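Just so it is clear, the structure is predicted and the values come from calculations on it, not from any experiment.
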Amino acid sequence: MKAALLPDRGVAKVAGEDARLFLNGLLTADISKVSPQRAAFAALLTPQGKIIVDCIVAEAPTEDGGGFFLDCPRALTSAFVGKLNFYKLRAKVMVEDLSETLGVLAVWAGDGSTDYGLCYADPRLPALGLRVMIPPHLAQEAAADLGAELVDAKHYEAHRIALGVPRGGLDFTYGDAFPHETDMDQLSGVDFAKGCYVGQEVVSRIEHRGSARTRIVPVAYEGFAPDAGAVVTASEKTVGTLGSTADGRGLAMLRLDRVADAMAEGLPLVSGGATLRLIKPDWARFAFPGPANASETKASESKIAESKAAQS
């Protein structure tokens with residue numbers, strides 16, 4: 001088991017008798033289903049349906065004081081708290097930024113629990129493991145309590161990228177992407193059955209029309225990693241942008257219809273001089289160009305390798 005303190009994560013707290021109703025009326029997830037045993041992946045949107053900030057909402061047990069703790073990008077925590085206070089009006093809630101005292105520890109590749117902080121399963125994918133909100137100076141003690149090796153955050157980043165899970169600020173720009181484009185609908189980040197929230201009309205329209213042509217998808221490459229932000233092209237046509245990369249894997253925001261056309265013509269996808277191969281993650285339910293799933297992609301790669309070996 002491995003654990004890593006994530007320096008890019010901050011913590012906001014929302015407490016008070018109206019806290020659940022307040023958050024439920026703003027965020028994309030159904031906060032009525034959140035409990036100390038169940039966190040939720042959610043986002044606050046603009047009225048036009050674009051992501052202002054995404055977060056994981058965890059609830060503390062009543063015996064520990066209760067309240068909702070929002071695991072969010074540290075660079076946006078202050079603005080997030082300001083936006084929540086803007087919407088507060090007469091709601092009986094208190095919103096505060098706890099990023100100076102609390103950090104987020106990611107734990108993966110094993111099972112465990114700890115009493116060192118607020119512990120919750122990552123609601124996006126089981127393979128992402130656990131998260132623990134703790135004072136950063138207790139990271140080593142918490143990791144030891146979990147039976148995990150404390151490693152650098154770059155190892156968690158490589159794990160996230162290999163799973164195909166986007167990260168805001170690297171794989172998409174806040175304020176410029178819809179939830180569907182960042183795969184929030186695939187990663188349990190949007191509840192389409194709940195009541196109103198900011199931006200719901202636009203998100204629901206995209207869902208029911210099936211009109212999400214742009215999505216972040218996993219890719220593989222060989223050799224040196226292209227720079228983040230490099231354009232992805234097919235022949236001379238731009239089809240998207242590359243985001244984060246690690247160990248031969250990356251994430252790219254692509255126009256899937258243009259990618260499908262390129263693949264039908266046998267045109268390679270190229271970014272920063274590297275040829276990209278699309279890899280469909282097991283969690284993706286949307287129409288995906290190319291091989292139907294990651295196992296088929298791996299099988300195809302194995303056959304190509306076997307063919308080359310036979311020819312040599």
Side-chain angles (χ1 to χ4, degrees), residues 3-16 18-20 22-29 31 34 36 39-47 50-60 64-89 91 93-107 116-124 128 130-139 142 153-154 156-157 160 165-177 179 182 184 187 189-190 197-199 243-244:
L5 189 65
L6 306 181
D8 64 295
R9 303 303 289 181
V11 178
K13 181 181 180 181
V14 180
D18 294 339
R20 189 183 301 275
F22 170 70
L23 290 173
N24 203 48
L26 293 176
L27 304 181
T28 56
I31 307 304
V34 173
F41 180 39
L44 176 67
L45 310 180
T46 67
K50 294 190 175 183
I51 300 171
I52 295 174
V53 60
D54 52 3
C55 60
I56 296 175
V57 183
E59 183 178 7
D64 292 333
F68 296 92
F69 290 78
L70 282 50
D71 166 352
C72 58
R74 180 158 189 171
L76 298 179
T77 307
S78 179
F80 189 20
V81 168
K83 184 67 73 172
L84 291 175
N85 276 317
F86 171 79
Y87 280 116
K88 184 170 68 172
L89 300 177
V93 297
M94 178 183 67
V95 184
E96 55 185 324
D97 184 349
L98 301 181
S99 301
E100 291 299 320
T101 56
L102 289 178
V104 176
L105 185 75
V107 186
Y116 268 84
L118 179 58
C119 189
Y120 48 99
D122 193 312
R124 294 171 295 178
L128 283 171
L130 303 173
R131 318 264 287 193
V132 187
M133 286 184 188
I134 54 168
H137 69 275
L138 294 178
K154 68 181 182 182
Y156 176 77
E157 279 296 283
R160 172 189 67 80
V165 177
R167 173 181 159 189
L170 291 181
D171 301 310
F172 65 91
T173 301
Y174 286 110
D176 194 40
T182 69
M184 286 194 70
L187 297 169
V190 182
Y197 57 87
V198 178
S244 51

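The main-chain N or O of P7 is never found under 3.5 Å from a side-chain atom of R74 such that the two would form a donor-acceptor pair. With hydrogens and angles disregarded, a donor-acceptor distance shorter than 3.5 Å links the side chain of T28 to the backbone of A43. Checked by atom type and distance alone, the side chain of T77 pairs as donor or acceptor with a backbone atom of P73 at under 3.5 Å.
Atoms SG and CG, from C72 and D97 in turn, are 7.5 Å apart once rounded to the nearest 0.5 Å. If you take CG on L70 and CD1 on I56, they are separated by 10.0 Å, rounding to the nearest 0.5 Å. Rounded to the nearest 0.5 angstrom, L23 CG and E59 CD are separated by 10.0 Å. Taking CZ of F172 as the start and CE of M184 as the end, the distance is 7.5 Å to the nearest 0.5 Å. The line from CE of M94 to CG of N85 is 10.5 Å long, rounded to the nearest 0.5 Å.
Salt-bridge check for R160 with D122: failed, with every basic side-chain N at 4.0 Å or more from each acidic carboxylate O.
Between A58 and L118, the closest heavy-atom pair is CB-CD2, 3.9 Å. The shortest heavy-atom contact between F22 and L84 is CZ-O, 3.3 Å. When all heavy atoms of F41 and P123 are compared, the closest pair comes out as N-CG, 3.4 Å. Of all heavy-atom pairs between A29 and N24, the closest is O-OD1, 3.5 Å. Here the shortest heavy-atom pairing between V34 and R20 reads O-NH1, 2.8 Å. Closest of all the heavy-atom pairs between L6 and A106 is CD1-CB, 3.9 Å.
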Legend entry - CA sep, side-chain torsions, deciding dist, call: L44, Y197, side-chain contact (heavy atoms from CB on, under 4.5 Å): CA-CA 9 Å; L44 176 67; Y197 57 87; over 6 Å; no
Legend entry - Derivation and outcome, side-chain contact (heavy atoms from CB on, under 4.5 Å), residues K50 and D176: CA-CA 6 Å; K50 294 190 175 183; D176 194 40; 3.6 Å; yes
Legend entry - side-chain contact (heavy atoms from CB on, under 4.5 Å) between V198 and I52, worked out: CA-CA 11 Å; V198 178; I52 295 174; over 6 Å; no
Inset, instruction - For side-chain contact (heavy atoms from CB on, under 4.5 Å), just list the numbers for M133 and Y120, CA-CA rounded to whole Å, side-chain angles, deciding distance to a tenth of an Å, and then say yes or no. - result: CA-CA 9 Å; M133 286 184 188; Y120 48 99; 3.4 Å; yes
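Sorted by first and then second residue, the salt bridge (charged side-chain N to carboxylate O under 4.0 Å, His left out) pairs involving residues 6-16 (not counting sequence neighbours) are D8-R167, R9-D71.
Side-chain contact check for L102 versus P135: some heavy-atom pair is nearer than 4.5 Å. Looking at heavy atoms from C-beta onward, L105 lies out of side-chain contact with Y116 at the 4.5 angstrom threshold. Under the 4.5 Å side-chain criterion, counting only non-hydrogen atoms from C-beta, V104 is in contact with V11.
In this structure, K83 forms no cation-pi arrangement with F80, as its terminal cationic atom is not both closer than 6.0 Å to the ring centre and no more than 45° off the ring axis.
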